[in-house]
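Dropping the structure in here first, questions after.
Note on naming: letters A, B, ... go to the chains in the order of the sequence lines (proteins, then strands), and numbering restarts at 1 for each one.
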Amino acid sequence: MPELPEVETVRRGLAPTLVGARFVRVETRQSGLRAPFPPRFAERLKGRRIEALKRRAKYLLAALDGGETLILHLGMSGSFRVEGGGESPIPTTHFPRGKNAAHDHVVFVLDNGARVVYNDPRRFGAMDLVPSEGIDERAPFDALGVEPLSKEFDAARLAALCAGSRAPIKAALIDQKRIAGLGNIYACEALWRARISPLRPAAILADARGRPTAAARALAPAIRAVLEEAVEAGGSTLRDHRQPDGELGYFQHSFAVYDREGAACPRRGCRGIIARVAQGGRSTFHCPACQK
DNA sequence: CGCATCCCCTGCCTGC
DNA sequence: TGCAGGCAGGGGATGC
């Protein structure tokens, strides 16, 4: 479920349980997810205290004492749930409808009595344990682009990132080397808000001097706004994550185009019908009538 | 280098 | 009802 707003929602949901706690025991029930777990993963985590839980792009970063960072990525279908550990249940973790315990791949047992369980049917997620020092200069973080909710992200930056690119603008937007954390859903939604066709080349965001065009000046705030609104709504909850314990994400009810093929364009005065096209093997949703 | 394609894996939905 | 095929929020490797 994992674009920036969903990962941020998970971060906020897990932080009260994780930050300040120590790992008493870590159980892995698979040899790995997308990649094998690092050597002695569970043993190295045991006894470590979580000092902070941060997010970069779609990654969660648990900074531990002892100078290491636990990297967590949810892939397509990963989710966390919190069991036990006091009076405040943490319902923001979008636990899948299936609740298939066969896909509980990692259990983090904490000294505050809580257990944090990672469930991931498709096992596209990832976990790693790396030195905290210089983490931003190493893969995968060294290749990530600008955080779209940061001050550094604006029309000028967006234009510079896309200047000269002949890739379709939708593909450029979900390229993590350009904008970190934007994914398929919110790229589609932002383009609709900015009335830009996802099929146009990314280069239309910059003029001959590399400065932002009107399209960039519309799109940059649209990206920021849709992400902020989605974070505020607790992210989006769909498909296998449709019925989470605690049912928090509800931004899916605000989609203008995503997963709305054949429906009426919600823009006032627009008579368009939302279309779905394939770009780079993934579905893009847009309104051919008002996105130019 | 930039971009497109394919693959990782499982579950769900659709259409035959 | 059963089954094959298509599709799914991501990201990494490969090849042109």
For Pro5(A), which contact category applies under a 4.0 Å heavy-atom criterion: base, sugar-phosphate, or nothing?
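The answer is nothing, as Pro5(A) stays clear of every strand by at least 4.0 Å.
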- Considering only side-chain heavy atoms of Tyr59(A), which listed nucleotide, dG10(C), dT10(B), dG11(C), is closest?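 That would be dG11(C).
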Exercise. Would you indicate what Arg166(A) reaches in the nucleic acid, counting non-hydrogen atoms under 4.0 angstrom: base, sugar-phosphate, or nothing?
Key: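 If one applies the 4.0 Å heavy-atom cut-off, Arg166(A) turns out to touch the sugar-phosphate alone, with no base involved.
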request  = Could you tell me whether the side-chain ring of Phe124(A) sits stacked on the base of dG11(C), using a centroid cut-off under 5.5 Å and a plane angle under 30°?
outcome  =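 Here Phe124(A) fails the 5.5 Å or the 30° condition.
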**Request:** May I ask you to check whether Tyr59(A) and Phe141(A) place their ring centres under 6.0 Å from each other?
**Result:**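 Yes, the ring of Phe141(A) comes within the 6.0 Å limit of the ring of Tyr59(A), centre to centre.
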Exercise for the section: Could you check which of dG12(C), dC3(B), dG11(C) has an atom nearest any side-chain atom of Ser165(A)? Expected result: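 So the side chain of Ser165(A) is nearest to dC3(B).
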Exercise for the section: Answer yes or no: are there more than 12 heavy-atom neighbours, outside Glu83(A) itself, under 6.0 Å from its atom CD? Expected result: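 Yes, the 6.0 Å shell around CD holds more than 12 heavy atoms from other groups.
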- Task: Please determine, for the side chain of Pro168(A), which listed nucleotide (dA4(B), dA8(C), dC8(B)) has the closest atom?
- Result: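 Shortest atom-to-atom distance from the side chain points to dA4(B).
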- Strand partner of dG9(C), provided both Watson-Crick or wobble distances fall under 3.5 Å: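 The answer is none; no pair meets the criterion.
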* Looking at Lys58(A), does any N or O in its side chain come under 4.0 Å of the phosphate oxygens OP1/OP2 on dG11(C)? ->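 Yes, such a contact exists.
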(message) Categorize Arg123(A) for me: base, sugar-phosphate, or nothing, with a 4.0 angstrom heavy-atom threshold over every strand shown.
(response)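 The residue Arg123(A) makes sugar-phosphate contact but no base contact.
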task = Verify the distance criterion only: is there a donor paired with an acceptor across the side chains of Thr284(A) and Lys170(A) at less than 3.5 Å?
result =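 Yes - a donor-acceptor pair under 3.5 Å links their side chains.
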Closest listed nucleotide, where the reference is the side chain of Arg276(A) and the choices are dA8(C), dG12(C), dG9(C):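 Of the options given, the side chain of Arg276(A) lies nearest dA8(C).
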Between dC7(C), dC3(B), dG11(B), which nucleotide has the shortest distance from any of its atoms to the side chain of Pro121(A)?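 Comparing dC7(C), dC3(B), dG11(B) against the side chain of Pro121(A), the answer is dG11(B).
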>> At less than 4.0 Å, is any side-chain N or O atom of His73(A) found next to OP1 or OP2 of dG11(C)? Yes or no.
In response: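 Indeed, a polar side-chain atom of His73(A) lies that close.
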Greater than 12 external heavy atoms within 6.0 Å of Glu232(A)'s CD:
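No, CD of Glu232(A) has 12 or fewer neighbouring heavy atoms, counting only those of other groups under 6.0 Å.
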task = Please measure how far the P atom in dG6(C) lies from the corresponding atom in dC6(B), and state the result in whole Å.
result =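 Approximately 13 Å lies between the P atom of dG6(C) and that of dC6(B).
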query = Between dG12(C), dG11(C), dC3(B), which nucleotide has the shortest distance from any of its atoms to the side chain of Arg178(A)?
reply =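 Taking heavy atoms from C-beta onward, the closest nucleotide is dC3(B).
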Among Leu149(A), Leu182(A), Leu4(A), which residue satisfies the side chain to side chain contact (heavy atoms under 4.5 Å, CB included) criterion with Ile223(A)?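 The residue from Leu149(A), Leu182(A), Leu4(A) that satisfies side chain to side chain contact (heavy atoms under 4.5 Å, CB included) with Ile223(A) turns out to be Leu182(A).
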dA8(C) base to Arg122(A) side chain: any donor-acceptor pair below 3.5 Å?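 Under the 3.5 Å cut-off, the side chain and the base do form a donor-acceptor pair.
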Open item on the list: What is the distance, to the nearest angstrom, from the CE atom on Met76(A) to the C1' atom on dG11(B)?
Closed with: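 It is 12 Å, rounded to the nearest whole Å.
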field: Glu3(A) side chain, from C-beta outward: closest of dG10(C), dG11(C), dC9(B)
entry: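 For the Glu3(A) side chain, the nearest candidate turns out to be dG10(C).
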Self-check item: Partner nucleotide of dC9(B) by Watson-Crick or wobble geometry (both distances under 3.5 Å)
Solution: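 Checking every strand shown, dC9(B) finds no partner, since no pair has both distances under 3.5 Å.
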